[in-house]
2 protein chains.
Amino acid sequence: MQKKRAITIKDVAAEAGVSLQTVSRVINKGPNVTQGVQERVKAAIDKLGYVPSLAARRLGGSRSYLVLAFNDERPTLEGWQSRRGNDWVDQMLYGGMLKCAEHGYRMLFELVDSHSDQLEAQVQAALSALHPDGVILTPPHSDDTRITDLLHRNGLIFARLGSHREGEGFAVYMDDEAAARRATEHLLDLGHTRIAYVQGHPEYAMSPDRLRGFTSAIEARGLEVEPAYLQPGDFTYEAGVDALNVLARLDVPPTAVLASSDEMALGVLHAAGPLGLSVPGDLSVVSFDDTPTVRMSVPALTAIRQPIAAMTARAAELLIQGKARGEVANDHHLLPFDFVVRESTAPPRAGGARR
Amino acid sequence: MQKKRAITIKDVAAEAGVSLQTVSRVINKGPNVTQGVQERVKAAIDKLGYVPSLAARRLGGSRSYLVLAFNDERPTLEGWQSRRGNDWVDQMLYGGMLKCAEHGYRMLFELVDSHSDQLEAQVQAALSALHPDGVILTPPHSDDTRITDLLHRNGLIFARLGSHREGEGFAVYMDDEAAARRATEHLLDLGHTRIAYVQGHPEYAMSPDRLRGFTSAIEARGLEVEPAYLQPGDFTYEAGVDALNVLARLDVPPTAVLASSDEMALGVLHAAGPLGLSVPGDLSVVSFDDTPTVRMSVPALTAIRQPIAAMTARAAELLIQGKARGEVANDHHLLPFDFVVRESTAPPRAGGARR
DNA sequence: CTGTTAGCGCCTTCAA
DNA sequence: TTGAAGGCGCTAACAG
C-alpha cells in the first residue's frame, strides 16, 4: 500500500505550462494574471483535482486558514458527560463550520479551564501549535483579560462572543438586558406582579445585564423589585431547584419565575411539582437559552433564544475578512435574539399562588 | 501591534546549547539521547514555553497530528438547524477530542453529503488539504466503498464506526443485533406478545442487524413475528408518527413498539395521545440512541444507549497508535451498549390495548 | 503581467 | 550519541 504521491502546485504548474507562482496567484485570487492563463491554470487544477495543502500554505505564507474557538472546559465536558448535550457547541459548529467552509477555512475547538492557573499556558500552547488566523472566545473567556491580553500580544485578531465590553477584539453579542426586559414584560403583560428572578453565575458578564433588564422592566410599571425574589444561581439545575424551594416558602411567594438558564428553569419546573405548584397554573416559568430539552419538557418552556449560530458565523466572517484585509477594527456587533412563547407562562391565578 | 516572533525549535536548541536535531529527538521521544542532554532540552522547552508548530511538523515529517472525522451532512445540519442538537457529534467530540488531546492530536470535523455525486471529490479535497494521520467514518459512510476505497488508495488508515463488515479499516461498533434482542426481551419479559418494530433507514448497515435481533428474540419465545408489525422508517420523527398511525388501526394492534431511533420513538409517543393511547398504559415504547431529549419527554423513554463516545475514543486511539507503529491491523472492536429502563415500558394492560 | 529566489519550522537522511 | 544538509509545499519579495 504505497501512498500515492500527493499532487502539488508543481504538478499543476507543469500541466498548465506556467510557473509555480502563477498557480499560486490564481489560487489566491491575486492580481496580475491574464484571463487566458488563469483559465489554463484553473483547467489544470480541475483536471488534476488539486487542493492546496493547508500546512504548506501556513508555513510559507502568512495565513493558516484556521479559526480557533476556545470554550470553557468544565461546563462543556459536563454537558457531554451527562449526555445532556451542549447547545453552545452545537450551535457554534453550525454557524462557524459552515461559514469557515465558505472561505476555505476550518474551525477547530479547544477546551480550556477558566479556573486553572495554567489557563494562559493552555491557550498559548494551542496558539503556538496551530497559529490560527483568528480566535473566537466564548463566555466566560470573552471577558477574561488574561486571555485577551495574551491574544493581543500574539498579534491575533479575535471575537468575543456574548461580551459587549470595550477592549481588543470584535464584540459579538445579543442585548441581554433587552432580552431580560422582554421576558419580564411578557410576564407583566400576563398580569403578574410578583416575579422572581434566578440569576446567572456572577462570573459571567451578562449576569448584571440581565438583572438590569429584569429590574428596569418591573420599575417601568411602577412596581418595586422585592429583594427576596432575587435568587442567586450558577446556571445549574440544582440552583433552580434550590431557588424555588426558597421562593415557595416566602410569606408572599412569587407567581412567576424568570431563570437565567434553561437548566435552572428546568430545576424550577421540576421542583414545582413536589411543592404542590402547577405550571403554569400556579407558577409561570420563563427560561434563557432555549436548548433542545426545553421544548420536550412538560410544559414546554417559554424562552429567550440566543443567536449563537449567528454570532459564531458573524465572528468567523469578521475574522476571515479582517485577516484578509489586515484591519483591526474592534467594533461591536449586536445580533437580535428571539423570544419564544410556549406553554409555561399564563396569567396568574386569581388570588395568587397557593402555598 | 507587531506580532512577536514565535519561538521555534531553533531558540530551544540555542538555549540548551544543542543542535536542532537533538531537540527534535527529545520532542519525538526519539532514541539516542543522553539523560543529561534530554533534561537540559526539556528545561529549555519549559523555560521558553516552546510548542512545536503542527504545520511545520506535518510538512517536514510524516505525521500531521490530525484525525479527521466525516459525518453525513444532511442529518447533521438538520439536527443543528432544528435546534434539536446532535448527539452523535456531541458524543464524538467528547470521546474523540479528549483522546486526541492526550496524544497531542486534534480532531477535525468534516461534513460530506452521502447522496452527492461529488462525494468522492469532497472527501478527497479534505484529505488533500489536511493530510490527516487517520480518518473516522460514521454511518452511513462507514460502509460506503466509494469512501473506503478512496481512503485506501490514499494510503490512509481509518476507523469505521457502527460497522462490522469486513474490509479495510478498523471496525468499531456495538452489537446492534444483541441490543435489539435485549430491548425486545425486555418487552417480552413484561408480558408483551404483540410487539411492533419501526425500522431504521435501510441505507444504514445496522438496520438489518437490529431487525434480526428483534426477530430472534420473538421467535426464541416460540412466537411469530407479525409482518404488519414491521413498519418501515428512516429515523425521523415523522416516520414514528406515521408508523403508529398505521399500527393503531390494525385489527389487532400491538401493545408495545420498539423504534430504531429516538426521533421515531418520540414520534410514536406523540402520536399515541391523539389516538387515545396512553404510554405506558396502553402502549409501551422503547427507543434506540438515548439522546438528551428522551429523558425529558413524558414519560421518559426506556432506551438502548450507543457507546458513541467510547467508540470514537477507541477509534482515535487505534488510529494514533496505528500511525505511530505503522501497522495496518484491520481488526474488529466490539463495544458494550447500555440499556436504560425508564417510564415508557410497563406490562400490557389486561385484555390488550384499546382502540 | 510573469518568473525566480528565498525561506517558513520541522523531520528525514546521512555523516561524524 | 550527536550534528549537518536537504527538502516538504507553499507564498513573499523581488526581478524581469
Side-chain angles (χ1 to χ4, degrees), chain A residues 3-41 44-45 48-66 104 127-131 133 155 323-324 326, chain B residues 3-41 44-45 48 50-66 104 127-131 133 323-324 326:
Chain A
K3 199 166 200 151
K4 76 167 185 211
R5 200 181 60 76
I7 53 176
T8 75
I9 197 171
K10 221 179 264 183
D11 303 310
V12 177
E15 173 76 26
V18 297
S19 74
L20 297 188
Q21 186 47 34
T22 302
V23 178
S24 176
R25 285 198 183 94
V26 172
I27 296 169
N28 296 299
K29 300 177 176 47
N32 303 341
V33 191
T34 324
Q35 183 78 19
V37 176
Q38 198 169 130
E39 278 166 14
R40 208 140 44 86
V41 172
I45 289 176
L48 299 175
Y50 168 72
V51 178
S53 152
L54 272 203
R57 296 183 102 175
R58 138 86 187 94
L59 246 200
S62 54
R63 287 199 286 175
S64 64
Y65 295 90
L66 250 32
L127 299 181
S128 300
L130 267 9
H131 294 279
D133 285 348
K323 179 73 186 183
Chain B
K3 199 168 203 149
K4 76 168 182 211
R5 198 182 60 78
I7 55 174
T8 74
I9 198 172
K10 222 179 264 183
D11 303 310
V12 178
E15 174 76 26
V18 296
S19 74
L20 296 188
Q21 188 41 39
T22 303
V23 178
S24 175
R25 286 197 184 94
V26 172
I27 296 169
N28 297 298
K29 300 179 179 44
N32 303 340
V33 191
T34 324
Q35 184 77 22
V37 176
Q38 199 169 128
E39 277 166 15
R40 208 141 45 87
V41 172
I45 289 175
L48 299 176
Y50 168 71
V51 177
S53 153
L54 271 203
R57 295 183 103 177
R58 138 88 187 91
L59 204 49
S62 52
R63 287 200 285 176
S64 63
Y65 295 89
L66 250 33
L127 300 181
S128 299
L130 268 8
H131 294 278
D133 285 347
K323 180 72 186 183

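All values reported here derive from a predicted model rather than from experimental measurement. Here is the naming used below: chain letters follow the sequence lines, and residue numbers restart at 1 for every chain.
In plain terms, the two heavy atoms of A/Val12 and A/Ile45 that are nearest each other are CG1-CG1, 3.7 Å. Across all their heavy atoms, A/Glu15 and A/Ala44 have their closest contact at CG-CB, 3.5 Å. Closest approach of A/Leu20 to A/Lys10, counting heavy atoms only: CD2-CA, 3.6 Å. Contact detail for B/Val18 and B/Arg40: the closest heavy-atom pair is CG1-NH2, 4.1 Å.
Side-chain N/O atoms of B/Thr22 include none lying less than 4.0 angstrom from OP1 or OP2 on D/dT2. Look at B/Ser62 and you'll find a side-chain N or O under 4.0 angstrom from OP1 or OP2 of C/dT12. For A/Ser24, a side-chain nitrogen or oxygen approaches OP1 or OP2 of D/dT11 to under 4.0 Å. An OP1 or OP2 oxygen of D/dC8 is reached within less than 4.0 angstrom by no side-chain nitrogen or oxygen of A/Thr8. Side-chain nitrogen and oxygen atoms of B/Ser53 include none within less than 4.0 Å of the OP1 or OP2 phosphate oxygen of C/dC8.
Residues B/Arg25 and B/Ala55 each lie close to DNA chain C; by heavy-atom proximity, the contact nearer the 5' end of the strand is made by B/Ala55. Mapping B/Val33 and B/Leu59 onto DNA chain D via the closest heavy atom, the residue that lands nearer the 5' end is B/Val33.
If you check every strand for non-hydrogen atoms under 4.0 Å, B/Gly61 touches sugar and phosphate atoms only. Within the 4.0 angstrom heavy-atom criterion, no nucleotide atom of any strand lies near A/Arg58. At the heavy-atom level, B/Tyr65 lies nowhere under 4.0 Å from the strands shown.
Atom CZ in B/Arg57 sits roughly 21 Å away from atom P in D/dC10 (whole-Å rounding). Going from atom NZ of A/Lys10 over to atom C1' of C/dG3 covers 15 Å, rounded to whole Å. Distance B/Asp11 CG to C/dG9 P: 9 Å, rounded to the nearest Å. Distance, B/Leu54 CG to C/dC8 P: 19 Å, rounded to whole Å. Atom CG in B/Asn28 sits roughly 16 Å away from atom C1' in D/dT2 (whole-Å rounding). When rounded to the nearest whole Å, the span between CG of A/Asp133 and P of D/dT11 equals 13 Å. In this structure, A/Ile9 atom CD1 and C/dG3 atom C1' are separated by 13 Å, rounded to whole Å. Rounded to a whole Å, the CG atom of B/Leu20 is 13 Å from the C1' atom of C/dT12.
Closest to the side chain of A/Tyr50, out of C/dC1, D/dA4, D/dC10, is D/dC10. Nearest nucleotide to the B/Val18 side chain, out of D/dT11, D/dG3, C/dC1: D/dG3. In the set D/dC10, C/dG9, C/dT4, C/dT4 carries the atom at the smallest distance from any side-chain atom of A/Gln21.
Taking 4.5 Å as the limit, every side-chain heavy atom of B/Val26 sits out of range of all side-chain heavy atoms of B/Val37.
Distance CZ/B/Arg57 to CG/B/Leu66: 12.0 Å, rounded to 0.5 Å. Here the NE2-CG distance, from A/His131 to A/Leu59, works out to 8.5 Å after rounding to the nearest 0.5 Å.
Under the side chain to side chain contact (heavy atoms under 4.5 Å, CB included) test applied with B/Tyr50, the options B/Ile9, B/Val41, B/Asp11 reduce to a single match, B/Ile9.
Summary for the helix from C/dC1-D/dG16 to C/dA16-D/dT1: the axes at its two ends, each from 5 pairs, differ by 40° when rounded to the nearest 10 degrees.
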